[in-house]
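Everything on this sheet refers to the single structure shown next.
Nothing fancy with the numbering, it's 1 onward along the sequence. Nothing here was measured: the structure is a model prediction, and the numbers come from that model.
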Amino acid sequence: MREIVFDTETTGLDPSQGDRIVEIGCIELVNRCETGRTFHAYFNPQMAMPSIAEQIHGLSDTFLTDKPLFEDLVEDLLDFIEDSPLVAHNAMFDYGFLNAELAACGRLHINRSRIVDTLAISKTRHPGAKHSLDALCNRYGIDRSHRIQHGALLDAQLLSQVYIELTGGRQIGLDMAGPESVGHVAAAPASLSWNSVRRPRPQVLSDGDIARHRAFVTTLTDPLWASGDDWDVAS
């Protein structure tokens, strides 16, 4: 199964108020394993960057001024994500911005049914805990020491590891059928099947085992199973 983990950086919090995407990072997963394929781009938002947003992601007007517009790379982005499920943290935020940018380009919106929200998964799996990306990295022992500021590709890479842990860990993506199984869930070999029947191993007592047991039984006082009938431990 192919999935895309993605993250965005923006000029603000609300696309309906004119805020824009300035960075997007996407990570490809197949059977919950990173393939190494990514999509990453910065965009000129055609507006001044608010200082509070710049403090979060560090993307300044000067840095973004020569970057392409979203519409310049929209086809490359759509070609990369295809029709795969899209995984994000607090996904409705990124989803809203992505659809706003697509609408501005005259493209069809992405159906909400494709969206997987790791924040919702985390709240279900760890009720009462902290659910930020940093907190989840700490919970699962994921190194985030290089995360000084928010960055779309870096955060998507961290989130892909968090998502794998939230959904069962690395064993979910083990591919035992070889590279030809990419895009499909690989079947385990018959020898590893959970319901494989193993032939019973014969249990045979030696003459020495029987003799030692007989000697032990003679030391018992009024055993419960003794009914007065002849009883043979070896029978």
Checklist entry - Between S160 and E34, is a side chain to side chain donor-acceptor pair (under 3.5 Å) present by the stated rule, with each step listed? => result CA-CA 8 Å; S160 68; E34 296 179 35; 2.9 Å; yes

Next on the checklist: The test is side chain to side chain donor-acceptor pair (under 3.5 Å); show your working for D14 and S16 and say whether it passes.
Outcome noted: CA-CA 5 Å; D14 190 351; S16 69; 2.5 Å; yes

Checklist entry - Could you walk me through whether Y42 and I24 pass the side chain to side chain contact (heavy atoms under 4.5 Å, CB included) check? => result CA-CA 7 Å; Y42 296 103; I24 189 167; over 6 Å; no

Checklist entry - Hey, mind stepping through F43 and L64 against side chain to side chain contact (heavy atoms under 4.5 Å, CB included) and telling me if it holds? => result CA-CA 7 Å; F43 305 111; L64 295 170; over 6 Å; no

Checklist entry - Can V162 and S122 be said to form a side chain to side chain contact (heavy atoms under 4.5 Å, CB included), step by step? => result CA-CA 10 Å; V162 166; S122 179; over 6 Å; no

Checklist entry - Could you walk me through whether D19 and T10 pass the side chain to side chain donor-acceptor pair (under 3.5 Å) check? => result CA-CA 7 Å; D19 286 317; T10 67; over 6 Å; no

Item to check | N44 and D66: CA distance, side-chain angles, deciding distance, side chain to side chain contact (heavy atoms under 4.5 Å, CB included) verdict | outcome: CA-CA 7 Å; N44 183 338; D66 63 344; over 6 Å; no

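Residues satisfying the ring-ring contact (aromatic ring centres under 6.0 Å, His included) test with H126, not counting sequence neighbours, are Y140.
The CZ atom of F97 sits 10.5 Å away from atom CD of E9, with the distance rounded to the nearest 0.5 Å. Distance CG/L73 to CZ/F80: 13.5 Å, rounded to 0.5 Å. Once rounded to the nearest 0.5 Å, the distance linking CD1 of I56 with OG of S51 reads 10.0 Å. Note that CD1 of I81 and CG of L98 are 6.0 Å apart. Values are rounded to the nearest 0.5 Å. Rounding to the nearest 0.5 Å gives a distance of 8.0 Å between NE2 of H131 and CZ of R139. Summarising the geometry, atom CD belonging to E28 is positioned 4.0 Å from atom CZ belonging to R2; distances are rounded to the nearest 0.5 Å.
Judged purely by atom type and a 3.5 angstrom limit, D155 has no side-chain atom pairing as donor or acceptor with the backbone of D7. With Y95 contributing its side chain and R112 its backbone, the two residues share a donor-acceptor pair below 3.5 Å. Of the possible donor and acceptor atoms, one in the side chain of N31 sits under 3.5 Å from a partner among the backbone N and O of M1. T218 places a side-chain N or O within donor-acceptor distance of the main-chain N or O of A215, the cut-off being under 3.5 Å. Within the 3.5 Å criterion, the main-chain N or O of I21 finds a donor-acceptor partner in the side chain of E101.
Ionic pairing of R107 and E71 is not present here: no N-O contact between side-chain nitrogen and carboxylate oxygen is shorter than 4.0 angstrom. Salt bridge E3/R32: present, at least one basic N to carboxylate O contact under 4.0 Å.
Between F39 and F6, the ring center distance fails the sub-6.0 Å criterion.
With contacts defined as side-chain heavy-atom distances shorter than 4.5 Å, the pair I4/I27 does not qualify. Residues C26 and L77 have side chains in contact (heavy-atom distance under 4.5 Å, counting atoms from C-beta outward).
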